[in-house]
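Excluded from the calculations below are hydrogen atoms, water molecules and symmetry mates; all remaining heavy atoms, backbone and side chain alike, are included. Model, not experiment: these values are computed from the prediction.
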Number of protein chains: 2
Amino acid sequence: MTKVTKDELGKRERNKLDKRERIRDAAWSLFTRQGFEATTTKQVAQEAGVAKGTLFLYAKDKPDLLFLVFHDRLATAVDEGFASMPGRAPLIDQLMHLFRRIFEMYAEHPEVASAFVSALPGAEGPNAMAVHGLTLAFVTRVGGLITEAQQRGDVSDEVPPQLAGANIFALYFGALLGWLNGMASLEVALENMLRPSLELQIRGFRP
Amino acid sequence: MTKVTKDELGKRERNKLDKRERIRDAAWSLFTRQGFEATTTKQVAQEAGVAKGTLFLYAKDKPDLLFLVFHDRLATAVDEGFASMPGRAPLIDQLMHLFRRIFEMYAEHPEVASAFVSALPGAEGPNAMAVHGLTLAFVTRVGGLITEAQQRGDVSDEVPPQLAGANIFALYFGALLGWLNGMASLEVALENMLRPSLELQIRGFRP
DNA sequence: TTCAAAAACTGACCACGGTCATAATCTGTC
DNA sequence: GACAGATTATGACCGTGGTCAGTTTTTGAA
């Protein structure tokens, strides 16, 4: 069984991937230039060089285009955040490092980010599912940080790592919503909202 | 300066209140019968006995109708929850009592509730603002519970009550989203998701 | 190469949410 | 009661998101 690389695919699969990319890039370009609401699906189709109906073969609806464009950006931010994370720093510093990287990604285009985050609850469609998968993996990885902290002796063994990961995610998501809708500055959101919130949660992790 | 009761109002104000109620009731009736998506604004207008344009004098857009119908229901659930709350019970029991009352309210019509909660982030319009006000008041009252627990000696004085209230709200909101979209049972959502989450947060409140 | 079945694409079409110029109604004043 | 000004109500109208019957492209088998 040989590894399948991009140019070994059949014409069908290659065309699909190409179109997917073109749609993603067209959507991103228009959303950042005009905003999400002001962009019509017709425009996205035109800029991507496909018919309007084709758009909805690659995204269930207009919000699903947001998930298409943010999936890779989010995945990259998360991966970079974990990759550059200090291994032996206190848990709060690790978390803040991670979330700072993610917040910075959103801060590049706050209006589009706000539309994305607001559309997340209850979203359906293939790209929404992909983002949901990212989220689950993320919560699991945060849970892994808790486990590591337990091995270091920084966190009590009584704390269930996955539950702790889920709580931390809920607090992060709350801070994210508050930030993007209230439009505070990045630093204020991180240091005055998210950090105290996480610190109060982590108090309960102490052995 | 006499207290202004309903029938002392001018004809204008009375008509406005009447229409508002008719719109609220028509929307609620249709949403519960057909679901939010399946209900058209035209139907709501007809059932309320107003023109379609009039609808949008009382709600900024279709989601804002959800906020119109849920505002009173939510306020009632919250008030009842606080009113019937055991005064000297442990904090976790007080919170669970409160949230149980709220979850039960949502459980009466889970589909409509799901649309409501999903529409909350980033919502605009007069009714959305009213619900937002409810939320702020709610967080403050939860903060008050923390203060009371501190006076009882159950919670450390180092815990900022308002921050604690905000954290608890974020965890509640996360559990609510997970419940309404994952469609677990009410009991599972309350006992297996929300309670452990709150308990893990409250660990950090101990003196 | 040929062909038939499957998969992907298309754009005319439609129902809906939301707007706005106009009409109707209310209010306080004389 | 009569009026002017202010507020509220109306529904024809419009642009949009989303659909789907019909068309084109790809595939693998013969």
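- A donor-acceptor pair is defined here as one N or O able to donate and one able to accept, closer than 3.5 Å; such a pair exists between the side chain of Gln150(A) and the backbone of Val159(A).
- For the pair Lys60(B) and Phe67(B), the cation-pi test (distance below 6.0 Å, angle within 45°) is failed.
- Scanning for salt bridge (charged side-chain N to carboxylate O under 4.0 Å, His left out) contacts around Glu108(B) gives Arg73(B), with sequence neighbours left out.
- Rounded to whole Å, the distance from NZ on Lys16(B) to P on dA9(D) is 8 Å.
- Comparing dG17(D), dA9(D), dC9(C) by their closest approach to the side chain of Lys19(B) singles out dA9(D).
- Nearest to the side chain of Leu57(A), among dT25(C), dC9(C), dA9(D), sits dC9(C).
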Please assess Tyr106(A) against Phe116(A) for the test side chain to side chain contact (heavy atoms under 4.5 Å, CB included), listing each intermediate value before the final yes or no.
CA-CA 10 Å; Tyr106(A) 286 128; Phe116(A) 168 67; 3.2 Å; yes
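- Electrostatic pairing of Arg100(B) and Glu191(B) counts as a salt bridge here, judged by a charged N lying under 4.0 Å from a carboxylate O.
- Checking dG17(D), dT10(D), dC26(C) against the side-chain heavy atoms of Phe56(A) singles out dG17(D) as nearest.
- Between the side chain of Lys52(B) and the base of dG18(C) there is at least one donor-acceptor pair of N/O atoms closer than 3.5 Å.
- Computed from coordinates, the Arg20(A) CZ to dA8(C) P distance equals 14 Å when rounded to whole Å.
- The shortest distance between the side-chain N/O atoms of Asn15(B) and the OP1/OP2 oxygens of dC26(C) is below 4.0 Å.
- Out of dC16(C), dG11(D), dT10(C), the shortest distance to the side chain of Val50(A) is found at dT10(C).
- In this entry the distance linking CG of Leu55(B) with P of dA9(D) reads 11 Å, nearest Å.
- Atoms OH (Tyr58(B)) and C1' (dT8(D)) sit 7 Å apart, rounded to a whole Å.
- As rounded to whole Å, 11 Å separates atom C1' of dA12(C) from atom NZ of Lys42(A).
- For Arg12(B), the listed nucleotide lying nearest its side chain is dT27(C); candidates were dT27(C), dG17(D), dG17(C).
- Residue Lys62(B) places its side chain closer to dG18(C) than to any other of dT10(D), dT8(D), dG18(C).
- At whole-Å resolution of the value, CG in Leu66(A) and P in dG17(D) are 12 Å apart.
- Atoms CD (Glu13(A)) and P (dT27(D)) sit 9 Å apart, rounded to a whole Å.
- Atom-to-atom, CG of Asp64(B) to P of dG17(C) comes out at 14 Å; the value is rounded to the nearest Å.
- At a threshold of 4.0 angstrom between heavy atoms, the contacts of Thr54(A) include nucleobase atoms, whether or not backbone atoms are also involved.
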